[in-house]
Amino acid sequence: MKAVAQAQPNIALIKYWGKRDHEANLPAVSSFSLTLDSLRTTMSVEFCDRPGRDTLRVNDAPAPGMLDRVSACLDLVVGSKRAAAEVISEVNFPIGAGLASSSSAFAALVVAAAASSRTTIDTQTLARLAGACSGSAARSLYGGIVELTAGEEQISVQPLLQSQPWPLEVVVAVTEKGKKPVGSGEAMVRGEKTSPFYSSWLARQDEDLEVARAAVLRQDFNSLAEVAEHNCLKMHSVMWSSKPPIVYWNSATLSCLEAIRTLQDQGHAVFFTMDAGPQVKAICLPDSVDVVMAALRQTPGVQDLMHSKLGAGARLLRST
Ligand code: DP6
C-alpha cells in the first residue's frame, strides 16, 4: 500500500488571485498556466496499520508545519476514516518562496494517495481534489499549457496545447531563497477585503483569458507576452493596494524586469511574470534562452537561475 507520484509546479500567465468560496477553496477567477519540466516534487504515500497521526518528511526533515494541510488532502482523497499515512516528499527547488511549490506538492499527493489506497479516480476529479487543497495545484495534473475554468460550483481543467507544438521555455531568476512573509492564501483574503482594485481585477479577467487563449492557439508570442505581463501587474496592484500592503518584490525583482525590458527592446522573444514572491519568471522561445540566462545571471541581486521546458502532468511512478 505504498505509491510514489511525481508532479511539476506550474507558472500562471493569467493568474488565480481571490476565492469565490473559502471553505471549498474555489477560485474567484479562471486562470491559465504552463506546467514545468525540470522543477519536481516526488511524493510517496504509505498507509500503515498503526493508529495515530500522519507523518510528513520533506527533503529528509520532519515538516510539522505542513502536516495539517497534507492530512486534510488525504481525507479528501481517501475519506477521513482511513489509516494513518507516512508521507515523504522530495523537492528539487526552494519551498514556500513563490515558486509554486504547493502546486506540485498537492498534485503529486492526490495521485499518490489515490494509488496507495487503491482508489481509481479520473484526472479531472483528481484536479478538483488537488485544487480544493491549493487552487493552483489543480493545473499541475495536466501538462503543457493548461486552462482552469472557475465555475459557480466547481472548477474544470483542460490542457490547451501540449508542449511540443509551441516549445515555450521558462527561466526563473531566484532573488531570495527564504520563505515569503505572507502566504498566498492569507494575501488573497486581504486583497478581497481591502483592495479597491479587487472588483475590477475580477471584472476584466475573462477578457485577458480570451486574449491569452487566442494567442496560444495562434502561437502569437507578442500577444501572449502583452496580456500576461498586464495580468501579472494587475494582480500585484491588488496586492500592493491591500491594507496593510503586500509587496513581494525586492530591488533585484525590479532589476530583472529592467533587464527583460532591455532584451525585448533588442528584439528577443521574452516576457516576465511573477507570483506571490520576489522571483522573476522569464518566459521565452528556445532561440532566446541563452541570451536571457546570460542577462539575468548578470543582474544585481540574482542568487540563482533555474531553467525549464514545459513538462507533463502529475503521474504515478510506482505502487507496491
Ligand atoms: C500567485 O494556489 O498557492 O501563484 O489556493 O490558497 O493554496 P491557495 O493558493 P495558491 O495561489 C497561487 C497564486 C499565484 C497565482 C497562480 O498560480 O495562479
Side-chain angles (χ1 to χ4, degrees), residues 7-36 39 41 65-66 68-70 72-73 76 91 93-110 127-142 145-150 154-155 157 170 172 179-192 195 198 201-202 205 208-209 212 227-240 242 246-249 253 272-281 283 314:
Q8 290 88 248
N10 68 76
I11 303 298
L13 299 186
I14 304 296
K15 309 289 188 183
Y16 148 49
W17 197 252
K19 300 182 199 236
R20 178 188 309 266
D21 177 336
H22 287 266
E23 199 153 318
N25 204 39
L26 277 179
V29 287
S30 301
S31 57
F32 197 89
S33 61
L34 308 177
T35 301
L36 302 182
L39 280 61
T41 298
M66 288 166 69
D68 285 351
R69 274 180 94 186
V70 164
C73 179
L76 270 184
V91 191
F93 60 95
I95 297 170
L99 288 170
S101 56
S102 65
S103 67
S104 49
F106 287 103
L109 186 62
V110 295
R128 290 184 179 131
L129 291 167
C133 304
S134 183
S136 55
R139 300 182 307 234
S140 276
L141 265 296
Y142 295 90
I145 305 178
V146 177
E147 183 167 358
L148 181 154
T149 307
Q154 63 180 12
I155 58 163
V157 190
V170 181
V172 182
K179 290 216 180 280
K180 52 192 166 200
V182 188
S184 42
E186 186 188 335
M188 280 186 215
V189 176
R190 202 184 292 175
E192 288 160 22
S195 168
Y198 184 67
W201 158 254
L202 297 183
Q205 184 79 344
D208 287 0
L209 277 157
V227 71
E229 288 188 351
H230 179 63
N231 189 268
C232 164
L233 292 175
K234 281 195 297 186
M235 178 185 73
H236 282 272
S237 305
V238 173
M239 297 169 180
W240 284 42
S242 296
I246 299 159
V247 179
Y248 285 114
W249 303 9
T253 311
F272 64 78
T273 192
M274 288 156 293
D275 293 292
Q279 334 300 1
V280 176
K281 290 110 186 188
I283 320 299

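FYI, the numbering just counts along the sequence from 1. Computation of the quantities below employed the complete heavy-atom set of this structure, encompassing side-chain atoms and omitting hydrogens, waters and symmetry-equivalent molecules. We count ligands from 1, going down the list as the structure has it; atoms in each ligand are counted the same way.
With sequence neighbours excluded, the residues satisfying side-chain hydrogen bond (donor to acceptor under 3.5 Å, both in side chains) with H22 are E192. With sequence neighbours left out, the salt bridge (charged side-chain N to carboxylate O under 4.0 Å, His left out) criterion links R128 to no other residue. A search for salt bridge (charged side-chain N to carboxylate O under 4.0 Å, His left out) contacts involving K234 returns D208, not counting sequence neighbours.
Between I155 and P27 the shortest side-chain heavy-atom distance falls below 4.5 Å.
Closest heavy-atom contact between S242 and G191: OG-CA, 3.2 Å. Here the shortest heavy-atom pairing between S103 and P9 reads OG-CA, 3.3 Å.
Near ligand 1, A12, K15, Y16, W17, K19, N25, R69, S102, S134, G135, S136, R139, S184, G185, M188, M235, D275, A276 each place a heavy atom less than 4.0 angstrom from the ligand.
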